[in-house]
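Notes follow once the structure below has been shown.
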Amino acid sequence: MIAAGLLLLAVGAVDLLRQMVHTRRWLAFTLAAVALVVVSAGLDALIAGLLAVAVAAIWTWVMPERGPARAGLWPVALLGLTAAACVVIARGRPRPGPLGELWATYRPTDTVSVDVILLVIGCLVFLLESGNAVVRIALRSEMGEREAVQTPPSDAAGSPSVADGAANAPRRADDPPADALRAADRPRRVGGDALPAATEPGDPVSTPSPVLKGGRLIGPLERILVFVLTLAGAYTLIAAVFAAKGIVRFPEISADGKSGNRAEYFLIGSLVSWVSALAAAFLVWWGVNAG
């Protein structure tokens, strides 16, 4: 069980650092790896800690921040199977190492071991940002291929644009220069904000509305809420959370066109997010009852 907690903690911490730290990442990764090895040594699980660091390093390569995953969802499946195997094979220990002795002395109850606590922490850290990565890879693998198929030939890479075609056409003496045609297609900037190219000097300048990225925050909160409610046995509240999300998204889904891309996008993202939270909760439940 301790190996599963360290594994999820290492992978989740790597994804959190990639999201929060943008300069000198090597230093942040090194400090996180040293801290994880020290904690694992204090829990008498040094080998499991070193293996978790190695798996986290491989995770950063197969699950890049941008672009498609190098192996699709297979790394996620292998990680889940490995964590489940660690929970099933190795049960919780009552006093693992110096940190286990310290926890056994000051813990509020005798039913929860430090291995279970570390597993819960690992699941929570994994659901924060790694859950977003799993949802993002699932959406790219499904919706990205469809967008590539539906892209018309005129929009493909390397195809001439309208401005390029006008620039290469036969020219007259009163035609504007080719650079002006290309500049007409580029957005103008007023105060650092891009405006449409058709904006004229006399037209009113509309202030662009800010683009909110609430999904990056709503997704982790939703997964943690489902995780906690599942462990608490509040299945009615979980159903209420699912229904509330569907109601909030209903106007956007109902306004979808014939393609149904928004509805499918919502369903894929929500189901992958919920399955991740439910799988993590089941992992902890199994560890508690088996240990």
Heavy-atom closest contact ([X] atom, [Y] atom, distance):
| X | Y | answer |
| --- | --- | --- |
| Ser276 | Val134 | OG-CG1, 4.3 Å |
| Met63 | Ile137 | CE-CG1, 3.6 Å |
| Leu36 | Ala52 | CD2-CB, 4.2 Å |
| Ser270 | Lys245 | OG-NZ, 3.1 Å |
| Leu6 | Ala45 | CD1-O, 4.0 Å |
| Ala133 | Asp15 | CB-OD2, 4.5 Å |

Can you tell me how far apart [atom1] ([X]) and [atom2] ([Y]) are? Round to the nearest 0.5 Å.
| X | Y | atom1 | atom2 | value |
| --- | --- | --- | --- | --- |
| Ile2 | Ile117 | CD1 | CD1 | 11.0 Å |
| Glu222 | Leu127 | CD | CG | 11.0 Å |
| Leu225 | Ile218 | CG | CD1 | 12.5 Å |
| Leu79 | Ser130 | CG | OG | 8.0 Å |
| Gln19 | Leu128 | CD | CG | 11.0 Å |

Sequence neighbours excluded, which residues qualify as ring-ring contact (aromatic ring centres under 6.0 Å, His included) partners of Trp59?
none
Test ring-ring contact (aromatic ring centres under 6.0 Å, His included) applied to Trp74 - qualifying residues, sequence neighbours left out:
none
Main chain of Ala57, side chain of Thr60: is a donor-acceptor contact present, judged purely on distance under 3.5 Å?
yes
With [X] via side chain to side chain donor-acceptor pair (under 3.5 Å) - residues at least two apart:
| X | answer |
| --- | --- |
| Ser273 | Arg223 |
| Thr230 | none |
| Ser40 | none |

A side-chain contact here means heavy atoms from C-beta on lying under 4.5 Å apart; do Pro96 and Val114 qualify?
yes
With the side chain counted from C-beta on, respond yes when Phe126 and Leu9 share a heavy-atom pair under 4.5 Å apart, and no when they do not.
no
Under the side chain to side chain contact (heavy atoms under 4.5 Å, CB included) test, which residues partner [X], sequence neighbours left out?
| X | answer |
| --- | --- |
| Leu50 | Val37, Leu46 |
| Val87 | Ala4, Leu119, Leu283, Trp286 |
| Val39 | Leu43, Leu99 |

Shared hydrophobic cluster for [X] and [Y] (ILVMFWY, side-chain gaps under 4.5 Å):
| X | Y | value |
| --- | --- | --- |
| Ile121 | Val226 | no |
| Ile47 | Met1 | no |
| Leu51 | Val53 | no |
| Leu231 | Val116 | yes |
| Val14 | Val62 | no |

If the condition is salt bridge (Lys or Arg N to Asp or Glu O under 4.0 Å), which residues does Arg136 pass it with, not counting sequence neighbours?
none
Leu78 atom CG: more than 12 heavy-atom contacts under 6.0 Å:
yes
Selection residues 227-247 - residue pairs positive for ring-ring contact (aromatic ring centres under 6.0 Å, His included), sequence neighbours left out:
Phe242-Trp274
With side-chain hydrogen bond (donor to acceptor under 3.5 Å, both in side chains) as the rule and sequence neighbours excluded, what pairs involving residues 25-34 come up?
Arg25-Glu65
Which residue pairs pass the salt bridge (charged side-chain N to carboxylate O under 4.0 Å, His left out) test when at least one of the two sits in residues 42-64, sequence neighbours left out?
none
